[in-house]
Q: 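Below is the structure I would like to discuss, written out as structure tokens.
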Amino acid sequence: MSDEKKAALREAALNYHRHPKPGKLEIRATKPLANARDLSRAYSPGVADACTEIERDPQSARDYTARGNLVGVVTNGTAVLGLGDIGALASKPVMEGKAVLFKKFANIDCFDIELEESDPEKLAEIVCALEPTFGAINLEDIKAPDCFVVERICRERMNIPVFHDDQHGTAIVVGAAATNALRVAGKDFADIKVVSTGGGAAGIACLDMLLTLGVQRANVWLCDLDGLVHEGRQTGMTEQKAAYAQPGGARTLDDVIDGADLFLGLSGPGVLIPAMVARMASAPIIFALANPSPEIDPEEARKVAPNALIATGRSDFPNQVNNVLCFPFIFRGALDAGARTINDEMKVACVEGIAELARRTTSAEAAAAYQGEQMTFGPDYLIPKPFDPRLMGVVATAVARAAGETGVAERPIEDLAAYKRKLDASVFRSSFIMRPVFEAAATATRRIVFAEGEDERVLRAANAMLEETTDKPILIGRPEVIALRAERAGLAIRPDRDFEIVSPDNDPRYRDYWNTYHEIMQRKGVTPDIAKAIMRTNTTAIGAVMVYREEADSMVCGTFGQYLWHLNYISQVLSTKECHPIGALSLMILEDGPLFVADTHVHPQPTPEQIAETCIAAARHVRRFGVEPKIALCSHSQFGNFDCDTGVRMRAALEILDAAPRDFVYEGEMHADAALDQGVRERIFPNSRLSGSANVLVFANTDAASGVRNILKMKAGGLEVGPILMGMGNRAHIVTSSITARGLLNMSAVAGTPVAHYG
């Protein structure tokens, strides 16, 4: 890398830390503090009630304070990764970074604490004194052997989990990578020879973990700067190294590398040379974890051992051993179970959870975060990626289970399945509100045809459908393209074996399909030749014909192209007097709850009758999500104060709704702020039939509805489920081109729900 590029990267990193405000953390209140009443509850006199309750029952601190979700990241800055002994103050950016990772990956709050104390026993005393503040302690970047002393004292004296991540976090991820590497190589822990370089905290902890997983103590050869750790050696020895001393005299790494199955490097660059790799066992496992330069360059190792299984500590090589795969989730499970400590069983549960996840199909979210990387279990994918959102549910649940089974949980989690669902819902924001829809969909098996079957998002959604639902995907596309893209995406599914496929180029049903389309459209100017051409080229029309012929129960289209273009062909084939497009309803999942928006796509300027029909249909669909509808008819006019076009049409729609009994609450016409804020609404119209905040906004034109939908999505962080095409009897849905694979899975569940479940 050129000096110029290095300087640019350095400046970019400094700017990241400096702007828009210094540092990477801030504290935010979780309770309102807007008036005297709030103040009296937050502080005096109301705070005294919480204090006396905790005095009476110390365990209740979890209920009345942030302690149960608060971790202290503590260091003295004596062994900062890649930087060494830089002191407590200089280590603060690293500790802030660790706190950010806790929050990002496991929603755990953190205080970073940098202590100017080099004496390990005094350091331990300070940490122990912090117990009332925290639910757990993460020790970080403390040099060996001091770190062993600090952790031992803290674990003995404290009744909360104390975890030195440099040791155990690294060991857990190494254990997971080794578990899968041995599976790929066809070897067992009990049979392998391990040669390790680096006798520091991480190195010793990794060896301890390998022994826990089944490696034989006699088969471990530990080397450091002074050569092999052997019996009788005095130089550079510690109690921890001595546990791995081999019989015999002084030897070097070169002397003991022959026949090694696993090289574990936590030392420095260039320690392992290609000639040594050539003398290792077949399919050698090489974990060269020194940062930033590994013990051997992976490409150099592969020149002499093409079938080597290699992991490093760097993100620009496959199989990065990164502690973020572990520490957020082991703390999540420990905190939620009220664990008094983190024991070996919890660590092994973490190992097994991480390893098992790598063997599954890669998540769409991880694939999106690491575009261009092959993420199929094998030599170059032994451990999952940090941004795989399934880590939370899988690993934290495994840890919580182990805490309960080993008796260290103060609050053992009884329903682990429900706990995992809760964790998944915290990561997949749509999980909670989609649950009623998935449950309803599970009552029947429906055939869902995807018009754009070659799209990778569709392939991932189809794979997830097969794993998570009872519905059967049907894909329209070229079989060879679908197979190639599924393989490239690391998906195990294949055409015809796992799902039905319709090939526009060559399908035996082609004649039946164009004849059906021609019969429907022959009096609308469609000739046989046009019908043939459409059934060869228009996958939306093909999907609609399949639903019409009852070869599929519902269709999903729209991953590319314009919404109204797709709607045209769906309407041609599937519309009837009773079943016709009413409107498009988008569910926006926001931080403070769900908000439904309609009509975002179907009627550019709906008539009053169409607006009323949209409200009725929206109420029916909103209940599918377990939400009781409160509908606001939105306009530029407020309760009759302006005779604009939208106001006139909304008032006419209100009259239509009022003409018959309705089983849902609705009100209008009004501005969006009045719909969402009861205080604003009461000042303008105190006799409103709507209470609280509306959860469905119905607009008088698609410009307004679509604009609000996009603003909520792009600026308010809203997650969209939909659009749901109302009025079609759940036989067709048109998504938008920005939809994700999980969004398609959600829409497949919507499409997979029998109509009887929602009216």
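Basis for what follows: all heavy atoms, side chains included, without hydrogens, waters or symmetry-related copies.
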Q: Tell me whether Arg233 contacts the main-chain N or O of Gly227 through its side chain, where contact means a donor paired with an acceptor under 3.5 Å.
A: yes

Q: Counting heavy atoms not belonging to Glu4, are there more than 12 under 6.0 Å from its CD?
A: no

Q: Is any side-chain heavy atom of Leu391 less than 4.5 Å from a side-chain heavy atom of Leu325?
A: yes

Q: Side chains of Ile204 and Gln167: closer than 4.5 Å at any heavy-atom pair?
A: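 Of all side-chain heavy-atom pairs linking Gln167 with Ile204, none is under 4.5 Å.
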
Q: With distance as the sole test, does Thr238 use its side chain to make a donor-acceptor pair with the main-chain N or O of Pro145 at under 3.5 Å?
A: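 No; judged by distance alone, with no hydrogens or angles, the pair does not exist.
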
Q: What pair of heavy atoms forms the shortest contact from Ala334 to Val399, and how long is it?
A: N-CG1, 4.0 Å

Q: Leu262 and side-chain contact (heavy atoms from CB on, under 4.5 Å): which single residue from Leu210, Val195, Val215 fits?
A: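 Exactly one option meets the side-chain contact (heavy atoms from CB on, under 4.5 Å) with Leu262, and it is Leu210.
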
Q: Considering residues at least two apart in sequence or located in another chain, which fulfil the salt bridge (charged side-chain N to carboxylate O under 4.0 Å, His left out) criterion with Arg302?
A: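 Partners of Arg302 by the salt bridge (charged side-chain N to carboxylate O under 4.0 Å, His left out) criterion, ordered by chain and then number, come out as Asp380.
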
Q: Should Asp166 and Ile142 count as side-chain neighbours, where that means a heavy-atom distance under 4.5 Å?
A: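 Counting from C-beta outward, Asp166 and Ile142 never come under 4.5 Å.
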
Q: Do Pro161 and Ile330 come close enough that some side-chain heavy atom pair is under 4.5 Å?
A: no

Q: Is a side-chain donor or acceptor of Lys187 paired with a backbone partner of Ile192 at a separation under 3.5 angstrom?
A: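 No; zero donor-acceptor contacts below 3.5 Å.
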
Q: Using a 4.5 Å cut-off on heavy atoms from C-beta on, say whether the side chain of Phe163 contacts that of Leu139.
A: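 The answer is no; the side chains never approach within 4.5 Å.
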
Q: What do the steps show when you test Val173 against Ile383 for side-chain contact (heavy atoms from CB on, under 4.5 Å), and what is the final call?
A: CA-CA 8 Å; Val173 182; Ile383 43 179; 4.0 Å; yes

Q: With sequence neighbours excluded, give me every side chain to side chain donor-acceptor pair (under 3.5 Å) pair touching residues 343-354.
A: His168-Lys347, Asn343-Thr406

Q: Looking at residues at least two apart in the chain, or sitting in another chain, which of them share a side chain to side chain contact (heavy atoms under 4.5 Å, CB included) with Pro269?
A: Ser293

Q: Taking only residues at least two apart or on different chains, which pairs with a member in residues 270-285 satisfy side chain to side chain donor-acceptor pair (under 3.5 Å)?
A: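 For residues 270-285, and leaving out neighbouring residues, the side chain to side chain donor-acceptor pair (under 3.5 Å) pairs sorted by first residue read Asp254-Arg279, Asp258-Arg279.
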
Q: Is it the case that more than 12 heavy atoms not belonging to Leu83 sit under 6.0 Å from its CG atom?
A: yes

Q: For Ala278, which residues count as a side chain to side chain contact (heavy atoms under 4.5 Å, CB included) partner, sequence neighbours excluded?
A: Val304

Q: Indicate yes or no for a side-chain donor-acceptor contact from Asn76 to the backbone of Ala88 under 3.5 Å, with no hydrogens or angles considered.
A: no

Q: Have a look at Lys98 and tell me which of Asp112, Asp165, Asp141 forms a salt bridge (Lys or Arg N to Asp or Glu O under 4.0 Å) with it.
A: Asp165

Q: Before giving the answer on side-chain contact (heavy atoms from CB on, under 4.5 Å), spell out for Met209 and Val174 the whole-Å C-alpha distance, their side-chain angles and the decisive distance to 0.1 Å.
A: CA-CA 8 Å; Met209 175 58 73; Val174 163; over 6 Å; no

Q: Could you tell me whether the side chain of Leu115 reaches within less than 4.5 Å of the side chain of Leu123, counting heavy atoms only?
A: yes

Q: Compute the ring centroids of Phe105 and Phe327, then answer whether they are less than 6.0 Å apart.
A: no

Q: Could I get the full list of side-chain hydrogen bond (donor to acceptor under 3.5 Å, both in side chains) partners for Thr397, not counting sequence neighbours?
A: none

Q: If I compare all heavy atoms of Ser91 with all of Val80, which pair ends up nearest, and what's the gap?
A: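 Minimum heavy-atom contact is CB-CG2, 3.8 Å.
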
Q: Among pairs that include at least one residue of residues 115-139, which meet side chain to side chain donor-acceptor pair (under 3.5 Å), considering only residues two or more places apart or in two chains?
A: Asn138-Glu140

Q: Looking only at heavy atoms, what is the nearest atom pair of Gly353 and Val395, with distance?
A: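 For Gly353 and Val395, the tightest heavy-atom pair comes out as C-CG2, 4.2 Å.
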
Q: Between Phe263 and Phe287, is the ring centroid distance below 6.0 Å?
A: no

Q: What I'd like to find out is whether the side chain of Val229 reaches to under 4.5 Å of the side chain of Cys223, using heavy atoms alone.
A: no

Q: Could you tell me whether the side chain of Asn180 and the main chain of Ala355 form a donor-acceptor pair under 3.5 Å?
A: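 Such a contact is found between Asn180 side chain and Ala355 backbone.
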
Q: Looking at every non-hydrogen atom in both residues, tell me the closest pair between Ala349 and Ala402 and how far apart they are.
A: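 Taking every non-hydrogen atom into account, CB-CB, 3.9 Å.
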
Q: Going by the side chain to side chain donor-acceptor pair (under 3.5 Å) test, which pairs reach into residues 199-220, not counting sequence neighbours?
A: Asp208-Tyr244

Q: Which pair of heavy atoms, one from Lys24 and one from Tyr16, lies closest together, and at what distance?
A: CD-CE2, 3.9 Å

Q: What are the two closest non-hydrogen atoms of Ala358 and Tyr381, and how far apart are they?
A: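 It is O-CE2, 3.6 Å.
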
Q: Distance-only, no hydrogens or angles: does the Arg155 side chain make a donor-acceptor pair with backbone N or O of Ile342 under 3.5 Å?
A: yes

Q: Determine whether more than 12 heavy atoms belonging to other residues, nucleotides or ligands lie under 6.0 Å from atom CG of Leu89.
A: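 No, the 6.0 Å shell around CG holds no more than 12 heavy atoms from other groups.
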
Q: Got a sec, which residues hit salt bridge (charged side-chain N to carboxylate O under 4.0 Å, His left out) with Asp297, two or more places apart in sequence or on another chain?
A: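 Result, salt bridge (charged side-chain N to carboxylate O under 4.0 Å, His left out) vs Asp297: none returned.
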
Q: Would you check if the side chain of Asp261 reaches a backbone N or O of Ala281 as a donor-acceptor pair within less than 3.5 Å?
A: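 Not confirmed, Asp261 side chain does not pair with Ala281 backbone.
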
Q: Within the 4.5 Å heavy-atom criterion, are Phe102 and Leu70 side-chain neighbours or not?
A: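 Result no, sub-4.5 Å side-chain heavy-atom pair not found.
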
Q: Distance-only, no hydrogens or angles: does the Asn159 side chain make a donor-acceptor pair with backbone N or O of Arg340 under 3.5 Å?
A: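 Side chain of Asn159 to backbone of Arg340: no pair is present.
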
Q: Only counting residues at least two apart or in another chain, list the ones meeting side chain to side chain contact (heavy atoms under 4.5 Å, CB included) with Asp63.
A: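 Side chain to side chain contact (heavy atoms under 4.5 Å, CB included) list for Asp63, sorted by chain: Ser60.
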
Q: Kindly determine whether Thr78 and Asp146 satisfy side-chain contact (heavy atoms from CB on, under 4.5 Å), including the steps that lead there.
A: CA-CA 10 Å; Thr78 53; Asp146 293 0; 5.7 Å; no

Q: Would the distance check show the side chain of Gln246 and the main-chain N or O of Ala218 forming a donor-acceptor pair, the cut-off being under 3.5 Å?
A: yes

Q: If only side-chain N and O atoms count, and only distance matters, is there a donor-acceptor pair under 3.5 Å linking Thr235 with Asp226?
A: no

Q: Give a yes or no answer on whether the side chain of Glu295 reaches the backbone of Leu289 with a donor-acceptor pair at less than 3.5 Å.
A: yes

Q: Does CD in Glu239 sit with more than 12 non-hydrogen atoms of other residues, nucleotides or ligands closer than 6.0 Å?
A: no

Q: With sequence neighbours left out, write down each residue that passes side-chain hydrogen bond (donor to acceptor under 3.5 Å, both in side chains) with Lys241, or none if nothing qualifies.
A: Asp224

Q: Sequence neighbours excluded, which residues qualify as side chain to side chain contact (heavy atoms under 4.5 Å, CB included) partners of Ala79?
A: Lys143

Q: Around Arg18, counting heavy atoms of other residues, nucleotides and ligands shown, do more than 12 lie under 6.0 Å from its CZ?
A: yes

Q: Establish, from distance only, whether the side-chain atoms of Asn319 and Arg314 form a donor-acceptor pair under 3.5 Å.
A: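 Short answer, no.
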
Q: Are any of the side-chain nitrogens in Arg360 or Glu356 under 4.0 Å away from the carboxylate oxygens of its partner?
A: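 A salt bridge links Arg360 with Glu356.
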
